[in-house]
2 protein chains.
Amino acid sequence: MAISKDLIRGHTDTIILNILSQGDSYGYQVSKSIRLLSQQQYELNEATLYTAFRRLEKGGAIASYWGDETQGARRKYYTITTSGQQHLTTALQEWGFAKDVISNLITGNLNEGASL
Amino acid sequence: MAISKDLIRGHTDTIILNILSQGDSYGYQVSKSIRLLSQQQYELNEATLYTAFRRLEKGGAIASYWGDETQGARRKYYTITTSGQQHLTTALQEWGFAKDVISNLITGNLNEGASL
DNA sequence: CAAATTACTGTGGTTGTCAAAGTAATTTGC
DNA sequence: GCAAATTACTTTGACAACCACAGTAATTTG
């Protein structure tokens with residue numbers, strides 16, 4: 001992984017919600033989707049992923065069901081709920097806003113009125 | 001504070017280094033600088049700030065000295081070191097890179113080749 | 001002269017993440 | 001035909017960053 005964990009921290013739930021908003025999925029596949037979307041720059045630890053699933057399900061943002069695989073390992077599928085869709089929308093708005101604040105905090109000059 | 005802590009996490013050190021790169025400062029003033037640079041959108045907890053100072057000093061990115069205030073409360077000033085300057089440069093590069101990866105992870109479409 | 005402000009420190013707790021190990025089935029390679 | 005790799009999910013224990021809260025101490029303002 002090329003990106004420090006702490007820079008992604010806080011985005012895990014949003015990442016999962018984004019992926020699930022494009023269709024039901026299960027752990028292993030979500031994991032691969034993350035690798036794909038980040039162009040191999042980021043890999044989410046399994047334990048972190050499943051912890052996030054439990055957190056999101058507990059919070060009502062996603063729901064789960066066991067697939068009826070007649071062959072292959074059992075898979076637990078996750079769907080995004082209406083509440084989860086709203087969470088995602090809010091998080092995306094917050095990010096659009098936060099990334100400017102962060103940029104300003106780490107590059108901003110104090111002698112320039114601190115706004116640009 | 002308008003921005004969730006987890007979105008800032010991992011940037012604290014970089015924020016402090018950016019401020020110190022513009023001149024020596026001390027806790028309370030750094031705190032105010034952060035409020036200013038974020039246009040009141042973010043406030044760093046005191047404990048977090050001083051913990052970061054200790055972490056950065058231990059890592060050699062900053063150094064400290066007590067001011068010789070003839071009046072007013074004593075102040076511990078912090079300076080950025082050469083090593084700290086390099087840390088800052090690296091962190092800024094990583095951020096320029098990471099924010100695109102994050103944007104792609106939280107908005108990217110899996111059916112579009114996952115690159116744009 | 002009390003209250004607010006400036007300034008620094010310490011304690012204890014929460015949270016997200018991770019490493020490592022475990023279970024169990026299927027598929028691939030020799 | 002069997003070992004190794006892959007798919008798939010789970011649990012445990014630990015850590016690092018952050019925060020709330022409390023404390024100390026001086027100065028400034030009302």
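Everything numeric in this text was worked out from a predicted model, so none of it was measured. Labels below follow one simple rule: chain letters A, B, ... track the order of the sequence lines, proteins then strands, and each chain is numbered from 1.
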Can you check the B:I8 CD1 to D:dC18 P distance for me, whole Å?
10 Å
Indicate the atoms forming the closest heavy-atom contact of A:L7 with B:A98, along with that distance.
CD1-CB, 3.8 Å
Output field dot_bracket for DNA chain D (Watson-Crick or G-U, both distances under 3.5 Å, | for other-strand pairs) contains ||||||||||||||||||||||||||||||
Looking only at D:dC19, C:dG16, D:dC9, the nucleotide nearest the A:W66 side chain is D:dC9
Can a donor-acceptor pair be found, under 3.5 Å and without considering hydrogens, that links the side chain of B:S31 to the backbone of B:G27?
no
Looking at every non-hydrogen atom in both residues, tell me the closest pair between B:N111 and A:Q22 and how far apart they are.
N-OE1, 4.4 Å
Rounded to whole Å, please give me the gap between CG in A:L56 and C1' in C:dT17.
14 Å
In short, B:S38 meets A:V101 closest at the heavy-atom pair CB-CG1, 3.8 Å
What is the distance, rounded to the nearest whole Å, between atom OH of B:Y78 and atom C1' of C:dT9?
10 Å
Nearest whole angstrom, please: distance from the C1' of D:dA16 to the CG of B:D6.
12 Å
Nearest whole angstrom, please: distance from the C1' of D:dC18 to the OH of B:Y42.
8 Å
When the distance from OH of A:Y77 to C1' of D:dT7 is rounded to whole Å, what number comes out?
12 Å
Find which nucleotide of DNA chain D each of A:R54 and B:T51 is nearest to by heavy atoms, and output the residue with the more 5' nucleotide.
A:R54
Do you know which of B:F53, B:W66, B:Y28, B:Y65 makes ring pair (Phe, Tyr, Trp, His ring centres under 6.0 Å) with B:Y77?
B:Y65
Find out whether B:Y26 and B:S64 are in side-chain contact, i.e. whether some heavy atom of one side chain is under 4.5 Å from a heavy atom of the other.
no
Return the nearest nucleotide to the side chain of B:R9; candidates are D:dT12, D:dC18, D:dA20.
D:dC18
Donor-acceptor contact below 3.5 Å, side chain A:N18 vs main chain B:L105:
yes
Below 4.0 angstrom from OP1 or OP2 of C:dT9, is there any side-chain N or O of B:Y50?
no
Return yes if some donor-acceptor pair links the side-chain N/O of A:T81 with the main-chain N/O of A:A61 below 3.5 Å, else return no.
yes
Just call it for B:T12: base, sugar-phosphate, or nothing, with non-hydrogen atoms closer than 4.0 Å on any strand.
sugar-phosphate
Respond yes when some side-chain nitrogen or oxygen of B:R55 is under 4.0 Å from OP1 or OP2 of D:dA17, and no when none is.
yes
Quick note, A:R75 side chain, CB onward, closest among C:dA7, C:dT17, D:dA8 is D:dA8
Write down the distance between CZ (B:F53) and P (C:dG10), rounded to a whole number of angstrom.
15 Å
With a 4.0 Å cutoff (strictly under), does any side-chain N or O of B:Y28 reach OP1 or OP2 of C:dT6?
yes
On the side chain of A:E46, is there an atom forming a donor-acceptor pair with the base of D:dC9 - under 3.5 Å, no angle test?
yes
Below the 4.0 Å mark, does D:dA17 have OP1 or OP2 next to a side-chain nitrogen or oxygen of A:K5?
no
Looking at A:Y26, I'd like to know whether one of its side-chain N or O atoms comes within less than 4.0 Å of OP1 or OP2 on D:dA8.
yes
